[in-house]
Protein chains: 2
Amino acid sequence: MTKTEAARGDILAALAEVFRAHGYEGATLALISEATGFGKGSLYNFFPDGKEQMAAEVLASIDRWFVDNIYTPLRTASDPAKGIAAMYAATDAYFRSGQRVCLVGVVALGASRDIFAAKVKTYFVGWVDALAAALRRLGDERGAARRKAEHAVLEIQGALVIARALDDSKVFSRALAESQKRLVKR
Amino acid sequence: MTKTEAARGDILAALAEVFRAHGYEGATLALISEATGFGKGSLYNFFPDGKEQMAAEVLASIDRWFVDNIYTPLRTASDPAKGIAAMYAATDAYFRSGQRVCLVGVVALGASRDIFAAKVKTYFVGWVDALAAALRRLGDERGAARRKAEHAVLEIQGALVIARALDDSKVFSRALAESQKRLVKR
DNA sequence: GTCTATAAAGCGATAGAC
DNA sequence: GTCTATCGCTTTATAGAC
């Protein structure tokens, strides 16, 4: 990785936090400028197409992170059950036990969904598919694996909403633990 | 109900749709003016404190609707199982099989959560409590009823995210049906 | 009560100096 | 590359005519 590529990664990480905290509509260039430490001129040098490009690249970088750190390990783990356990652990860490919101989920619920529909779909389909593959390796039939995987991802997104709404991170970690237990057991 | 109270109800309904579609930050007075059919001057005559008051009253009206049409029936149904079935049916109808988003959930995930934290909490606590009361009447022990109720509400919110993300309303209705089955059975 | 006109501030985006 | 200055537009909110 070159030096400028690494710097771009740092900028995308800061951008992601701003979009997470304020949503696409609420993330102003003033907030972005403050969070990244770059003036507007520099930001438009990095992202000629402005805010939309920033969000698109952030979503792409999040998807990349999940592919590398969650989906691929889930598919290639020698023990699928351990792979699933690692997924839940990584998910709890990534979302800071529910104190950090899922930007892709926020975009899915918001008005900007139409602009980023393809990226939103890719993210969730990737998650469901990788989890379903692990469940099949655990012996589940194709349809059951898909259905259970979709439901587990749904539970994670729901847990983020409820944890934020009740302002209680224990709700999130508990929901994840129960989801995992349910997934491996039945 | 007086004539002006009914008119205010109509305005709040139109306001709710705008906030649902664009979020708190994205709901501009221009959009609100178009949706309600009132000029900005009239809007500030109805809501002297502007956008924040509009959203606060919308959230209050949503909570009132859920108390009247979901929480209270859930508590007073002669058959708790039928009360729960009615809740799921009303929920599916209210959210238009997942094509309509939950404004309270959207607010919970967004930056405006801090402003409306109390109202968000009231809404979800009211739902969980009412559902837990029905489950207790079905024979569940106190802790189990609470835990299962919280999980069911979590599933509804998660289903809204996934249905919007995958752009598939079948996902929502199917998730609700499975949630209901799971809740009454075990 | 409802409107139009307008204020004051903030918005995304661009130009141009360095 | 990064900045400051600025454009043109939109934002929330207010004032005042009717």
Side-chain angles (χ1 to χ4, degrees), chain A residues 1-60 103 106-107 110-116 119, chain B residues 1-59 103 106-107 110-116:
Chain A
M1 197 187 291
T2 71
K3 199 169 148 193
T4 60
E5 276 171 349
R8 195 176 186 86
D10 288 348
I11 296 173
L12 285 175
L15 277 175
E17 291 308 325
V18 178
F19 282 119
R20 251 188 281 271
H22 297 92
Y24 181 70
E25 289 83 3
T28 66
L29 289 187
L31 285 167
I32 290 169
S33 181
E34 191 189 10
T36 57
F38 287 102
K40 299 180 192 180
S42 299
L43 291 171
Y44 276 90
N45 182 51
F46 281 115
F47 306 97
D49 290 340
K51 214 173 113 168
E52 187 172 326
Q53 184 184 0
M54 296 180 204
E57 290 201 22
V58 164
L59 289 174
L103 176 58
V106 170
V107 169
S112 59
R113 177 189 69 151
D114 298 344
I115 313 175
F116 304 113
K119 286 180 193 300
Chain B
M1 197 188 290
T2 71
K3 200 169 147 192
T4 59
E5 276 171 349
R8 197 177 185 86
D10 288 348
I11 296 173
L12 286 175
L15 278 175
E17 291 308 324
V18 178
F19 282 120
R20 252 189 279 270
H22 297 91
Y24 181 72
E25 288 84 3
T28 66
L29 289 187
L31 286 168
I32 290 169
S33 181
E34 190 188 10
T36 58
F38 286 102
K40 299 176 193 182
S42 301
L43 290 171
Y44 276 92
N45 182 51
F46 282 115
F47 307 97
D49 290 340
K51 216 171 110 168
E52 187 171 327
Q53 185 184 359
M54 296 180 203
E57 290 201 21
V58 164
L59 289 174
L103 177 59
V106 170
V107 168
S112 58
R113 177 189 69 151
D114 298 344
I115 313 175
F116 305 113

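Note that these values count all heavy atoms, side chains included, but never hydrogens, waters or copies made by symmetry. So you know, we letter chains A, B, ... as the sequences are listed, proteins then strands, and number each from 1.
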Atom NZ of A:K40 and atom P of C:dC11 are separated, to the nearest Å, by 7 Å
Whole-Å gap separating C1' (C:dC3) and CG (B:L29)
15 Å
Short side-chain N/O contact to D:dT14 OP1/OP2 from B:Y44, under 4.0 Å
no
Nearest-0.5 Å distance, CE of residue A:M54 to CG of residue A:L43
5.0 Å
Scan B:G39 against the nucleic acid and name what it touches under 4.0 Å (heavy atoms): base, sugar-phosphate only, or nothing.
sugar-phosphate
Here's one to test your reading of the geometry: is the NZ or CZ of A:R113 within 45 degrees of the ring axis of A:Y24 and under 6.0 Å from its centre?
no
For atom CZ of A:F46 and atom C1' of C:dA13, their distance in whole Å
17 Å
For the side chain of A:S42, counting heavy atoms from C-beta on, which of C:dG12, D:dC3, C:dT2 is nearest?
D:dC3
Scan B:A7 against the nucleic acid and name what it touches under 4.0 Å (heavy atoms): base, sugar-phosphate only, or nothing.
nothing
Closest to the B:F38 side chain: C:dG12, D:dT2, C:dC3?
C:dC3
Side chain of A:N45: nearest nucleotide among D:dT2, D:dA13, C:dG12?
D:dT2
B:Y24 OH to D:dT12 C1': how many Å, rounded?
10 Å
Does the A:T28 side chain pair with the main chain of A:L31, one donor and one acceptor, at a distance under 3.5 Å?
yes
Walking DNA chain C from its 5' end, the first of B:G37 and A:K51 to be reached, judged by nearest nucleotide, is B:G37
Rounded off to whole Å, could you give me the CG-to-P distance for the A:L43 and D:dG1 pair?
15 Å
Classify A:G50 by what it touches in the nucleic acid, base, sugar-phosphate, or nothing, heavy-atom distance under 4.0 Å.
sugar-phosphate
Atom pair CD (B:E17) and CG (B:L103), whose distance is rounded to the nearest 0.5 Å:
9.5 Å
Applying the side-chain contact (heavy atoms from CB on, under 4.5 Å) criterion to A:F38, which one of A:N45, A:I11, A:I32 satisfies it?
A:I11
Take atom CD of B:E34 and atom P of D:dT11, then tell me their distance rounded to the nearest Å.
12 Å
